[in-house]
Number of protein chains: 2
Amino acid sequence: MDKINKKEFKNTFIKCIEEKGLRYTKQREVIVDAFFSAGRHITSEELFNIVKRIYPEIGYATVQRNLNLLCKCSLAEEIKIGKQKTRYEQKYGNTHHDHLVCLQCGRLIEVNDDKIEKLQAKLAKKNNFTPIKHKLEIYGICADCKSK
Amino acid sequence: MDKINKKEFKNTFIKCIEEKGLRYTKQREVIVDAFFSAGRHITSEELFNIVKRIYPEIGYATVQRNLNLLCKCSLAEEIKIGKQKTRYEQKYGNTHHDHLVCLQCGRLIEVNDDKIEKLQAKLAKKNNFTPIKHKLEIYGICADCKSK
DNA sequence: ATTGATAATGATTTTTATTATCATTTAGTA
DNA sequence: TACTAAATGATAATAAAAATCATTATCAAT
């Protein structure tokens with residue numbers, strides 16, 4: 001199952017690259033592989049360190065550029081929490097979710113609530129505002145940190 | 001009414017400063033005055049430009065530092081939207097609200113929905129997460145921009 | 001009013017994440 | 001195989017915010 005998803009993920013990337021008239025390079029393959037296999041909320045620096053082990057000649061700029069490209073292909077999304085470095089989240093299949101952000105350990109927990117989504121739409125409508133996307137973050141202390 | 005609020009706002013600042021064993025200076029007075037009287041979502045740069053007219057010797061750093069101090073006193077709150085400069089929002093009386101963010105003109109519209117707040121608390125609880133604060137931003141196109 | 005301790009200020013530098021630049025290399029095509 | 005344009009990697013530029021530090025100002029004690 002992991003393998004299939006990875007293949008789909010990569011194929012989506014390749015398709016997006018072709019649509020834009022861009023080129024699929026060795027570096028891009030290594031980056032998309034590593035990004036898919038890495039944790040869900042990675043920084044460009046972390047990804048750079050992983051990729052470097054597989055492809056030592058790679059430059060930081062290339063990793064950063066390709067994370068931006070993955071975002072443009074809707075395969076990644078920037079998460080900016082406070083003053084932290086931007087993290088890049090995998091976003092295959094477009095399943096929207098919100099985040100619980102642990103203020104102690106920094107962990108991001110993905111959550112979803114249809115009722116909240118609906119109420120948000122309603123709230124926007126009430127203000128004659130056309131919503132395009134939204135961001136909900138709840139900051140607090142996660143279960144793990146509480147039990148410590 | 002405006003005057004009274006301003007007075008209250010300033011007194012709260014002075015009280016907070018005293019509690020921390022800090023000093024109420026001329027610069028601080030000018031800054032808190034200007035911050036209160038300015039629009040609700042100001043950047044440090046904008047505030048600096050306003051303050052400079054009243055107190056030309058003032059330095060940027062002083063304005064920045066005192067915006068941070070206002071935040072520590074819970075009289076201001078940082079709003080970070082995308083790659084924009086941090087904006088500082090007045091926060092007197094602690095009335096929490098969320099934002100509709102217009103992607104076209106950049107306007108911030110303050111909104112509030114009790115039902116959403118309650119569902120958020122519920123969502124946190126379900127994850128055994130203790131919420132401390134939260135941030136909800138809905139991005140889209142505002143009424144004004146749509147009618148243009 | 002004066003003094004002394006210390007906080008605040010203002011000018012400047014540093015930091016840090018991200019983007020831009022540019023010479024060189026590489027990919028894809030004719 | 002050669003050509004055109006994109007991609008790369010090294011480095012510089014940007015920009016916002018924080019840190020530094022010498023000087024000034026505040027305030028309590030005298």
Side-chain angles (χ1 to χ4, degrees), chain A residues 13-32 34-35 41-49 51-73 76-89 106, chain B residues 13-35 41-73 76-89 106:
Chain A
F13 189 45
I14 293 167
K15 208 174 119 193
C16 174
I17 282 174
E18 282 169 357
E19 275 168 8
K20 291 179 193 293
L22 304 176
R23 292 163 187 175
Y24 190 56
T25 61
K26 178 65 187 158
Q27 286 93 332
R28 284 187 170 156
E29 189 181 359
V30 174
I31 288 166
V32 70
F35 178 64
H41 312 111
I42 202 167
T43 64
S44 56
E45 196 182 14
E46 286 163 357
L47 187 58
F48 173 59
N49 288 326
V51 168
K52 222 171 24 179
R53 290 205 289 269
I54 301 151
Y55 197 111
E57 315 89 316
I58 208 155
Y60 194 115
T62 301
V63 174
Q64 182 78 260
R65 268 189 295 242
N66 282 297
L67 277 169
N68 291 345
L69 182 58
L70 280 158
C71 288
K72 279 190 194 124
C73 294
E77 196 169 58
E78 294 187 345
I79 320 177
K80 292 168 189 267
I81 304 286
K83 285 163 197 174
Q84 291 175 42
K85 282 194 79 164
T86 299
R87 293 186 169 273
Y88 297 84
E89 169 170 85
Chain B
F13 189 44
I14 293 168
K15 207 174 120 194
C16 174
I17 282 174
E18 282 169 358
E19 275 169 9
K20 290 181 193 293
L22 304 177
R23 291 162 187 176
Y24 190 57
T25 60
K26 179 66 188 157
Q27 286 92 332
R28 286 189 168 152
E29 188 179 0
V30 175
I31 288 166
V32 70
D33 269 356
F35 179 65
H41 311 113
I42 202 167
T43 63
S44 54
E45 196 182 14
E46 286 163 357
L47 187 58
F48 174 59
N49 287 326
I50 292 169
V51 169
K52 221 170 28 179
R53 290 204 291 270
I54 302 150
Y55 196 112
E57 315 89 316
I58 207 155
Y60 196 115
T62 301
V63 174
Q64 183 77 261
R65 269 190 293 243
N66 281 297
L67 278 169
N68 292 343
L69 182 58
L70 281 159
C71 289
K72 281 192 193 120
C73 295
E77 196 169 57
E78 294 187 345
I79 320 176
K80 292 168 188 268
I81 303 286
K83 285 164 199 174
Q84 292 176 43
K85 283 194 80 166
T86 299
R87 292 186 169 273
Y88 297 83
E89 171 169 84

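Residue numbers start from 1 in every chain, and the chains themselves are labelled A, B, ... in the order their sequence lines are given, proteins ahead of strands. The model shown is predicted, which means the values in this text are computed figures rather than measured ones.
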Protein-nucleotide distance (B/Lys72, atom NZ; C/dA8, atom P), rounded to Å: 10 Å

What's touching nucleotides 13-16 of chain D from the protein side, N or O pairs under 3.5 Å?
none

Counting primed atoms, P, OP1 and OP2 as sugar-phosphate and everything else as base, the B/S/- map of nucleotides 20-25 of chain D against protein heavy atoms under 4.0 Å is B----B

Can you tell which of A/Glu78, A/Glu77, A/Glu46 makes a salt bridge (Lys or Arg N to Asp or Glu O under 4.0 Å) with A/Arg87? A/Glu46

Contact under 4.0 Å: B/Asn66 side-chain N or O vs C/dT9 OP1/OP2: yes

Looking only at heavy atoms, what is the nearest atom pair of B/Ile31 and B/Thr62, with distance? CD1-O, 3.8 Å

Taking the nucleotide of DNA chain D with the nearest heavy atom to each, does A/Gly21 or B/Lys26 sit closer to the 5' end? A/Gly21

Could you check whether A/Phe48 gets within reach of a base, just the sugar-phosphate, or nothing at all, counting any heavy atom under 4.0 Å? nothing

Residue A/Glu57, side-chain atoms from C-beta onward, closest of C/dT19, D/dG9, D/dA6: D/dG9

With respect to the side chain of B/Arg28, which nucleotide from C/dT18, C/dG10, C/dA8 is positioned closest? C/dA8

Closest approach of B/Gln64 and B/Tyr88, non-hydrogen atoms and distance? OE1-OH, 3.2 Å

Between the CZ atom in B/Arg53 and the CZ atom in B/Phe48, the distance rounded to the nearest 0.5 Å is 11.5 Å

Are any non-hydrogen side-chain atoms of A/Asn49 and A/Lys52 less than 4.5 angstrom apart? yes

Could you check whether any side-chain heavy atom of B/Leu22 comes within less than 4.5 Å of a side-chain heavy atom of B/Leu69, counting everything from C-beta outward? yes

Could you check how far CG of A/Leu69 sits from C1' of C/dT18, rounded to whole Å? 16 Å

Specify the separation, in whole Å, of atom CD1 of A/Ile58 and atom P of D/dG9. 5 Å

Output the rounded distance in Å from CG (B/Leu70) to P (C/dA8). 13 Å

Between P on D/dA28 and CG on B/Leu22, what's the gap in Å once rounded to a whole number? 13 Å

Atom pair distance, as rounded to whole Å: NZ in B/Lys52 and C1' in C/dA11: 14 Å

Is the shortest side-chain N/O distance from B/Asn68 to OP1 or OP2 of D/dA18 below 4.0 Å? yes

Any side-chain heavy atom of A/Cys16 within less than 4.5 Å of one from A/Lys72? no

Measure the shortest side-chain to side-chain distance between B/Ile42 and B/Ile50 over non-hydrogen atoms and say whether it is less than 4.5 angstrom. yes

Let me have the donor-acceptor pairs involving side chains of residues 54-61 of chain B, under 3.5 Å, with sequence neighbours excluded, atom names and distances please.
| unit_1 | atom_1 | unit_2 | atom_2 | d |
| --- | --- | --- | --- | --- |
| B/Tyr55 | OH | B/Gln27 | NE2 | 3.3 |
| B/Tyr60 | OH | B/Ser44 | OG | 3.0 |
| B/Tyr60 | OH | B/Glu45 | N | 3.4 |
| B/Tyr60 | OH | B/Lys85 | NZ | 2.9 |

